[in-house]
Every structure is written in C-alpha cells, then in structure tokens.
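Heads up: the structure comes next, in structure tokens.
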Amino acid sequence: MPIVNMNVNGNPVTGEVEGRTLLVQFLRENLGLTGTHIGCDTSQCGSCVVHVDGKSVKSCTLLAVMADGSEVTTIEGLANGAELHPMQQAFMDNHGLQCGFCTPGMVMSALDIVNRNGNELDENTVRKELAGNICRCTGYHNIVKSVTAGAKAMGD
Amino acid sequence: MAENGIGVSVRRKEDNRFLIGKGRYTDDINVAGQTYAAFVRSPHAHATINGIDKSAAEASVGVIAVFTGDDLAADGIGPLICGVTVPSDDGEPHRAPAHPALAQGKVNYVGDHVAVVIAETQAQAREGAEKVGVDYTALPAVTDTGSAADDGQPQIHDVAPNNMCYNWPFGDKDAVEAAFASAHKVSTLDLVNNRMVTNPMEPRAALAEYNAGTEEITLHLTTQNPHVHRLVMSAFNQLAPEHKLRIVSPDVGGGFGAKIFVYAEELVVGWSCRKVNRPVKWTGDRTEAFLADAHGRDHVATAEMALDENGKFLAMRVMTKANLGAYLSTFATMVPSYLYAFLFAGQYTTPLIYSEVKTVFTNTAPVDASRGAGRPEATYLLERLVDVAAADMGLEPAEIRRRNFIPKDAFPYQTPVVQCYDSGDYETALDKALALADYDGFAARAEEAKSRGLRRGIGLSSYVEACGIAPSAAVGQLGAGVGLWESAQVRFNPTGNVQVFTGTHSHGQGHETTFAQLVTEQLGVPIENIEVIHGDTAKTQFGMGTYGSRSLAVGGVAIAKACEKLIAKGKKIAAHALEAAEGDIEFADGNFTIAGTDKAMNIAEVAFNAYVPHSYPEGLEPGFDENAFFDPMNFSFPAGTHICEVEVDPETGVVEIVKYSAVDDFGKLINPMIVEGQVHGGIVHGIGQALLEVCRYDSEGQLITATYMDYAMPRADNVPSFDVDYAPTDPPHNPLGVKGCGEAGAIGAPPAVINAITNALGVKHIDMPATPENVWRAAQGAA
Ligand code: FES
Ligand code: FES
C-alpha cells in the first residue's frame with residue numbers, strides 16, 4: 001500500500017493508504033481529524049473543504065496520494081490556542097452556524113474567498129462564491145454576514 | 001433581567017466546539033475492534049425475491065457475516081412500526097402492512113433493505129454487498145399519488161386493497177354542501193404539494209456495541225429523540241429490554257424531521273453487533289439518504305372556498321390524496337391527517353370546513369414528517385386558495401385576509417377543526433409586514449421593473465401553525481401511542497455549578513444556550529456555570545425529543561418548573577442557616593434574603609449546605625437536584641404574515657426573490673439571535689420547496705433525483721437576505737409565554753413565493769417547484 005507524507009496543520013504526518021483512499025478519509029480516519037465532514041458523494045456540498053497548498057479543495061474529490069508532499073490546513077488548524085481565528089469568531093458573533101455540520105467547510109471556503117477577493121466583500125460576491133457549499137440550517141443570511149465581517153476583521 | 005437571561009442575544013455556548021472542528025457527530029466516533037455494515041438495497045421498485053445467494057459475499061475479503069430478513073426473524077426482531085392510528089371511513093383503523101427491517105420475500109421500493117454485510121472495513125463491506133446475489137422477479141410498479149388507488153393499478157400489499165391506507169373524512173359534509181349551494185361565489189383550485197427529500201446535511205449513521213458482561217447494547221444514533229428510539233426498539237422490535245439498551249445521540253447535523261423515525265438500518269446495526277460480537281458501524285452516504293430517508297409532502301388536492309358577497313369565507317372543502325410511500329414510517333399516518341386538516345381554518349373565521357384525505361401506498365420511499373409536517377401542506381393550500389378567491393372577488397389579497405381574520409379579542413378561539421387557538425393578533429402582524437415590505441411602494445417598483453423587461457410580483461401568506469407538540473390527552477384521543485410531555489432535571493453540584501438535563505434534543509437549535517438562559521434568569525447562576533445535557537438515555541430521564549417546535553414550549557417549561565422546586569427547597573435551607581422563618585425568605589438574583597434585611601445567602605452556598613448538611617433543617621432531604629415534567633394544556637399557535645417580492649424574467653423563466661419580509665408571533669423570545677436564525681433557515685427551506693426542490697420517481701419507480709446534481713438544494717446565491725420582525729402575543733396557557741419558531745418559515749414561505757409569482761405573471765396558479773421551465777411555460781401561456 002502506498003505511503004503518503006504531508007504536512008497537516010503544521011505537523012508532518014505519514015500514513016499508509018490504499019490507492020483509492022480519499023484525502024477526506026485519510027484526514028478523518030488515519031489522522032482522527034474529524035472536523036472535516038462528508039455530506040455527499042458527488043462533490044456538491046462543500047462539507048469537506050480544506051486547503052491544500054493554500055487553495056481550497058473539496059477533500060472528497062482528491063485522493064490522499066495526490067496530496068502527497070502537500071501542506072494541508074483543516075478547520076482544526078485555524079485557531080491560535082484558545083483564540084479563534086477572526087473568521088471563526090465572526091461565525092460565532094453573527095450566528096453563522098446552527099447544527100455545525102457544514103460549518104468547517106463554510107469557514108475554509110470563506111478564507112479562500114478572502115484570499116482571492118480581499119477584505120472588503122459585498123453580499124453578492126459572497127453569495128456567488130459560496131455556491132459550492134450547502135447549508136440546510138441557516139438560510140445563508142447569517143453565513144453571508146459572518147463571511148463579510150470575518151473578511152473585514154482579517155484586514156484589521 | 002439577568003445579564004445573559006431571557007431576551008438577550010447571547011452568543012451560543014455550543015459554537016466553539018463546532019468552529020474548531022471538535023463537534024462529535026456519530027461518524028466521528030470510533031471504537032476498538034469496530035466492523036462496518038453495508039446494506040444490499042433493492043434496485044427494483046417492486047419485485048418478489050426468489051432467493052438470496054450469500055456465498056460469494058461470505059467469501060469476499062474481509063467479510064465477517066451476511067444477514068437477511070430470515071436471520072432477523074429467527075431472532076424475533078420485530079418489524080418497524082407506525083405509532084399513530086387513524087380511522088378509515090369503513091370503520092376500520094388504517095391499513096398497516098408489515099414493515100420488516102430486512103425484506104421478507106418481496107421488495108417495495110428502490111433502496112428497500114434486502115441484506116446487510118458486515119466486514120472489517122467500509123470498502124470491504126460495500127464490496128461484499130455487491131456480491132450478494134439476489135434473484136428477483138420484477139413486478140409492475142405504482143408511483144403516482146393521484147392514481148395509485150385507481151382500479152387496475154399494481155397492488156403492493158395484500159392488506160391494503162387498491163393501495164389505500166385510509167380514507168379519513170372530517171367535518172360536517174352536509175352543512176358544508178348547503179353553504180356551498182347558497183354561496184355568492186365559489187373559488188376552486190387544484191394543486192400539488194411537491195415531494196421533498198428532507199436532507200439534513202449530516203447523513204444518518206449508527207454505531208452499536210454489545211457488552212457481553214452487562215448484556216447491554218449501546219447504540220450511537222443520529223436521532224432527534226433517543227428515548228423514543230429506545231422505547232420503540234425495546235417494546236416493539238425486541239432489540240433489548242429498555243434498561244439494557246442505551247441510545248446516545250451526540251452532535252447531530254440537522255434533523256428537520258428526517259431523524260425522528262426508527263429506521264431499518266438502525267435496528268439492523270443494533271442487532272448485528274451482538275450477532276458478530278464486535279462493534280458495528282454504518283454511515284449512510286448521500287444517495288442512501290435520498291433513497292431511504294423518509295421523504296416529505298407529496299399531496300395532490302382540490303380546494304374550494306364558498307364566499308358571500310363581501311368576500312367573507314362561508315365554508316371550505318378539501319379533497320386530498322397523500323402518498324405514504326411503500327410502508328408506514330413511524331409517524332406517517334398522522335402527518336396528512338391531524339397535522340394537516342386541523343389547520344385548515346388558518347387565521348380565518350371560516351365557520352364550516354369539510355375535508356377528505358385518502359392516503360395511498362406507492363412503490364416509493366416511506367413519507368413522513370419533514371419540517372412543518374402537514375402544516376406547510378395545509379398552509380400552502382389555504383393561502384393559495386385565498387389568493388384565488390381574492391382574484392375571483394376583485395379584492396386585494398391583503399383586504400380579503402383582513403375581512404376574514406379572527407379578531408384579536410376573540411381568543412381563545414375555537415376553530416371548526418378541533419384546534420382552539422391560544423392567542424393571536426393577526427391584523428397587527430399583517431400591518432407590520434406590509435410596512436416592512438413597503439407594500440405601498442410596490443406599484444412603482446413594478447413599473448420600474450417593467451422598464452427592464454421584468455415582471456415584478458408580490459405575494460402574501462398569513463399562516464398559523466400548531467406546535468409545542470403536545471398535550472398528551474389530546475394526542476392520545478387521536479390515536480397516538482405516546483404521551484408528549486417533556487422532562488427536565490436541574491442539578492446543582494456541591495461547588496455551585498449546574499447541570500441541566502433535558503429530554504429534548506438539540507441538532508442545531510441551540511438548546512445549550514437558550515436553556516442555560518432560562519436557568520440563569522431564574523436561578524441567578526452565571527451562564528458559564530450552567531451546562532445543558534441531552535441526547536443520552538443513560539444520563540437523562542425519559543424524554544420525548546425534539547420536533548414540532550416543541551423544545552422550548554414544552555421542555556423549557558419543564559426546566560422552569562424544576563428551578564421553581566429548587567427555589568422552594570432553597571428557601572427552607574436558607575431559612576435554617578440564616579435563623580429566619582421560611583416565609584420571610586425572598587429569592588432574587590441568585591440570593592436568598594431575609595425580607596427587609598441585607599442578611600442573605602447565595603444559591604451556591606445553599607447548594608453546598610444541601611450536600612454537606614451538618615446544620616440543616618430537620619426532616620429535609622439532603623441534595624439540591626430537582627426533577628420536573630410538563631404536559632401542556634394545549635398546542636401553541638405561532639402565526640404571522642410573510643411577504644415575498646419577486647422579479648420574473650419572462651424570456652428565461654428565472655425568478656429572483658428581491659425582497660422577503662416576515663413578521664411572526666412566537667410569543668416571548670428567549671434568544672432573539674437564535675430565533676431569527678430559525679426563521680431564516682425555515683424560510684429558505686420553504687423557498688427551496690417553492691422554487692427548486694422536487695423528488696421525482698419515474699413510472700418504473702426509479703428515483704431520478706438521488707444526488708445533489710439532480711435534486712436542487714437552495715444555495716447561497718438562490719436566496720436573498722431577509723427582513724424579520726415580530727408581533728408577539730401572550731399565550732395564556734404557556735407558563736413561559738413562548739410558542740415555538742422552528743417550522744414557521746418552512747410553513748409561511750411556499751405560498752408567499754408562489755403568490756408573488758402568480759401575481760407577477762397574472763396567472764391563476766403555478767405548481768411548485770416554480771423552476772425556470774415551469775415559469776417560462778406559464779409566462780408564455782399568460783402572454
Ligand atoms: S463531501 Fe460533499 S463536496 Fe465533499
Ligand atoms: S449549520 Fe447545519 S448545515 Fe449549516
């Protein structure tokens with residue numbers, strides 16, 4: 001079975017996987033990083049979004065072996081000790097989550113939106129950019145508010 | 001008001017763990033030695049099973065066992081049940097076909113459970129499942145709600161001739177007929193309530209462990225009601241005695257009704273852990289959720305309203321066919337009957353109502369409660385019919401509603417359909433909503449839109465719902481197999497912090513915060529010292545779970561009652577310690593004080609005294625830990641007016657919601673931030689039904705919307721932001737003055753959206769979902 005090496009949330013990790021093992025399975029099952037979720041089978045819901053080499057990726061769509069040698073960031077890698085990342089804090093302050101299942105993917109996608117669009121985001125941009133992440137609970141209103149506020153806070 | 005008490009938008013206590021990836025959902029839990037289950041599902045909508053060949057699967061790498069329905073039956077594991085009896089018009093109860101957890105000789109829908117394969121890894125289990133050889137003889141299938149009971153259709157169950165489950169008439173047919181005969185005008189509408197797949201984002205999952213030493217099964221489940229699961233699985237399915245079965249429902253990623261029910265996978269996983277003597281885990285994928293979660297809605301109906309010359313509603317008549325799917329899910333019978341027809345009065349004084357509901361079996365997944373459950377179907381029908389009646393009478397939609405509203409001084413109001421409404425002020429909600437939506441400015445906006453080639457429309461929906469489910473006596477009379485009270489336990493620890501145990505379950509609603517707010521308000525304990533515990537039958541006493549917007553209105557009151565008991569006991573303890581008469585002790589802001597003095601004792605000190613009772617009132621039990629149960633006197637009746645404004649592009653059929661305003665009466669709000677979030681989520685669920693979502697089977701019974709590529713979920717760019725306000729009234733029978741808010745949006749939104757689209761196009765009706773294709777066709781027809 002192939003061996004993969006990657007750096008996950010700043011820690012070098014190594015593991016034995018099957019060729020068919022998805023990155024999300026490697027994160028959840030081999031590394032116990034269960035903050036990254038699986039909400040669908042067709043790369044539609046975005047519950048599984050992580051960053052690979054600084055870009056957002058649906059980790060259900062990437063084989064673990066394809067991430068060999070990469071830098072991976074998951075939801076577990078954002079906070080600084082007990083201090084939440086400004087985007088996480090913005091989701092809390094704006095009630096951008098209910099059941100929490102879509103939340104890790106939403107936060108990781110939000111950070112990618114900021115990386116590509118800057119800190120001043122309008123509602124339309126956020127809504128268009130979030131179209132790859134499904135939330136059944138919040139109706140998106142407060143997620144949009146959270147992402148806009150979080151983007152701003154990251155610039156301060 | 002306490003610092004983080006009632007009425008404050010406290011940040012949620014549960015959020016931190018979800019935001020740092022430390023939520024603990026069922027699939028996140030792994031135990032040593034666990035195996036994995038995969039289900040063999042029927043590829044046919046309707047077929048007999050001639051034989052099952054397990055040999056290739058049993059020989060497959062990693063496979064530990066393959067079980068079929070015979071194995072379950074041999075162990076006496078009972079079929080799945082439906083817990084509510086509805087009488088049919090022939091005097092018999094509804095037809096209840098056997099619902100084996102694994103098929104017995106026949107399958108009745110695509111996705112039906114045929115066998116389970118247990119293996120060392122998930123991939124090996126799935127490979128094993130592929131190798132189970134099932135010899136089927138396919139039978140013709142029936143899927144269409146409207147024609148399933150017609151002569152000549154394929155028959156699904158011997159016990160249900162013509163695929164009928166029940167025909168349930170309700171109301172005074174003759175009186176309604178007479179009112180129609182003498183009416184000034186009769187408005188009529190045929191409509192379809194589109195079938196939906198509920199789709200909480202976390203797929204269902206189960207993890208079962210058997211301890212041969214204690215003979216106890218521990219079953220982690222994605223359930224909204226762990227004790228109901230334990231009760232049903234013990235009493236009806238013979239999985240294990242109730243005291244030897246522990247159900248843990250940890251963090252659950254949304255429910256919306258779909259996780260109320262006892263499902264085949266849950267029972268089979270719970271049973272198989274003992275058979276293989278290893279833990280067994282099953283995690284459904286999204287396609288399995290589409291195939292085998294209980295679906296929602298799926299009605300075809302004809303509705304008629306009789307009006308006098310002033311547009312007053314004289315009588316209403318509704319004929320409904322409702323699809324229950326291939327088998328009866330846990331509460332299936334109740335949804336298109338009591339939760340539906342008892343809502344037909346809506347906000348109006350309509351004195352006479354007659355309805356008939358025919359429920360049918362089809363070769364589709366079972367249909368049961370989904371956010372709103374029956375009430376969205378009733379509201380959609382009524383609020384569409386009211387708009388049709390307004391057009392027939394030449395009245396403004398707001399005006400016809402106003403003329404028929406139950407006046408605010410008429411509460412409590414007995415409707416002709418069982419329900420007695422608690423409180424309401426429908427006209428105030430309407431006026432506030434009209435102002436919020438700038439209704440008066442609509443004509444100018446429509447003119448402006450015309451200049452851009454777009455047709456702008458505005459639609460109202462004035463809904464009422466029955467929630468806070470429910471008074472046990474009332475549901476018992478209606479044939480429910482359970483009582484629907486709720487329990488609470490409020491426990492002080494000796495060091496003064498508090499654990500609140502509730503029988504409700506939070507899967508997104510924020511109970512850990514809202515319930516802590518109740519307790520900090522009442523007991524004066526800082527909110528950070530209060531922990532709310534739910535979802536584990538080994539920790540909390542029996543409770544009924546969360547659905548029907550009941551948690552605060554029923555469970556919250558139980559918590560308040562337990563707090564009252566603590567205060568009463570605390571007065572005795574404080575009186576003794578402060579050397580005062582019990583009657584002189586007052587309690588406020590966490591302190592027991594001798595009235596008129598500054599001699600006081602904090603509730604934390606009282607708790608310590610109760611656990612270290614060295615100097616203590618004679619005869620008083622030690623401990624500071626109280627239980628309470630609350631069984632409400634009535635349902636609660638949230639209500640409101642939602643107004644949707646759309647722009648329709650007649651060239652493409654694309655509908656954009658440009659403004660959406662909601663004014664609701666939920667009674668008192670404990671955490672306005674959380675309530676507003678519930679409203680948003682509900683509205684988008686309703687917009688999803690109105691514009692995007694539909695579950696379709698083809699005529700052979702194949703599910704053709706089984707992924708998010710074929711089933712359109714509402715996404716961030718399909719919906720706007722919302723304007724939300726409140727017009728609260730005070731429900732007299734609820735001690736907290738609360739009504740419930742979780743379903744309102746899903747109930748109010750669909751008619752508001754469709755009324756806006758029909759207004760924009762100038763057509764009588766368009767069925768949901770109003771996809772670009774449907775809207776384009778309607779626009780062409782109307783042009
Ligand atoms: S799990 Fe749905 S997109 Fe990856
Ligand atoms: S918070 Fe539940 S799916 Fe988004």
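Every chain is numbered from 1, with letters handed out A, B, ... down the list of sequences. Predicted, not measured: the structure shown is a model, and the values here were computed from it.
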### Task
Take B:E693 and A:R136 through the salt bridge (Lys or Arg N to Asp or Glu O under 4.0 Å) test and state the conclusion after the steps.
CA-CA 13 Å; B:E693 296 178 47; A:R136 191 53 139 176; 2.8 Å; yes

### Task
Hey, could you give me the SG/CZ distance between A:C102 and B:F18, rounded to the nearest 0.5 Å?
11.0 Å

### Message
Out of A:G35, A:G100, A:G32, return the one with the most heavy atom pairs under 4.5 angstrom to chain B.
### Response
A:G100

## Note on the structure
To the nearest 0.5 Å, atom NE2 of A:H141 lies from atom OH of B:Y660 at 13.5 Å

### Message
Between B:N16 and chain A, with a heavy-atom cut-off of 4.5 Å, which part of the residue counts as in contact: side chain, backbone, both or neither?
### Response
both

### Task
Evaluate whether atom CD of B:E528 has more than 12 neighbouring non-hydrogen atoms of other residues, nucleotides or ligands under 6.0 angstrom away.
yes

### Query
Quick one: of A:I75, A:T42, A:T138, A:L97, who has the most non-hydrogen atom pairs under 4.5 Å with chain B?
A:L97

### Task
Return the orientation label for the B:Y25 and A:F101 ring planes: parallel under 30°, perpendicular over 60°, tilted otherwise.
perpendicular

### Query
B:V252 versus chain A, heavy atoms under 4.5 Å apart: side chain, backbone, both or neither?
backbone

### Query
Counting N and O atoms only, with roles assigned by atom type, does the side chain of B:R286 sit under 3.5 Å from a partner on the main chain of A:G39, one being a donor and the other an acceptor?
yes

### Message
I want to check something: taking the side chain as every heavy atom from C-beta on, are B:I20 and A:L84 in contact at a cut-off of under 4.5 Å?
### Response
yes

### Summary
So, the part of B:Q509 with a heavy atom under 4.5 Å from chain A: the answer is neither

### Message
Rounded to the nearest 0.5 Å, what separates atom CG in B:N718 from atom OH in A:Y140?
### Response
7.5 Å

### Task
Indicate yes or no: does A:E129 engage B:R715 in a salt bridge with an N to O separation below 4.0 Å.
no

### Task
Side chain from CB out, backbone as N, CA, C, O: work out which of these in B:D27 comes under 4.5 Å of a heavy atom of chain A, or both, or neither.
both

### Options A:E18, A:E76, A:E123, A:M92, ranked by heavy-atom pairs under 4.5 Å with chain B, top entry
A:M92

### Nearest heavy-atom neighbours spanning A:C137 and B:F256
SG-CZ, 3.6 Å

### chain A contact via B:F290 - side chain, backbone, both or neither, heavy atoms under 4.5 Å
neither

### Query
Checking heavy atoms, do the side chain of B:M201, its backbone, both or neither come under 4.5 Å from chain A?
both

### Query
Could you give the distance from OG1 (B:T707) to CG (A:D41), rounded to the nearest 0.5 Å?
8.0 Å

### Task
Enter the distance from B:M713:CE to A:C40:SG here, rounded to the nearest 0.5 Å.
10.5 Å

### Query
What residue, out of A:T74, A:I134, A:V144, has the most heavy-atom pairs lying under 4.5 Å from chain B?
A:I134

### Query
Is there a salt bridge (Lys or Arg N to Asp or Glu O under 4.0 Å) between A:K145 and B:E676 once you walk through the steps?
CA-CA 13 Å; A:K145 266 171 73 179; B:E676 195 174 324; 5.5 Å; no

### Summary
The reported gap from NE2 in B:H680 to CD1 in A:I143 (rounded to nearest 0.5 angstrom) is 11.5 Å

### Query
Should the heavy atoms of other residues, nucleotides or ligands under 6.0 Å from CZ of B:R24 be counted, would the total exceed 12?
no

### Message
I'd like to know which of B:A289, B:P720, B:P200, B:G284 tops the heavy-atom pair count under 4.5 Å against chain A.
### Response
B:P720

### Query
Which answer fits B:N199, side chain, backbone, both or neither, if we ask what part of it has an atom under 4.5 Å from a heavy atom of chain A?
both

### Task
Considering only heavy atoms and a distance below 4.5 Å, find which of B:H507, B:K22, B:M709 pairs most often with chain A.
B:M709

### Query
Which bit of B:S9 comes within less than 4.5 Å of chain A, counting heavy atoms only: side chain, backbone, both or neither?
neither

### Which portion of A:Q89 sits near chain B, non-hydrogen atoms under 4.5 angstrom
neither

### Task
Determine the option with the most heavy-atom pairs under 4.5 angstrom with chain A, choosing from B:I683, B:T287, B:I687.
B:T287

### Query
With only heavy atoms counted, which part of A:N124 is less than 4.5 Å from chain B, the side chain, the backbone, both or neither?
neither

### Task
Under 4.5 Å heavy-atom distance to chain B, tell me which part of A:T103 shows up: side chain, backbone, both or neither.
side chain

### Query
Is there a side-chain contact between B:D28 and A:R28 (heavy atoms, below 4.5 Å)?
yes

### Task
Answer whether the closest heavy-atom distance between the side chains of B:L19 and A:V107 falls below 4.5 Å.
yes

## Note on the structure
Okay, A:I38 and chain B: the region with an atom under 4.5 Å from a heavy atom over there is backbone

### Query
Among A:H95, A:E29, A:R20, which has the most heavy-atom pairs under 4.5 Å with chain B?
A:H95

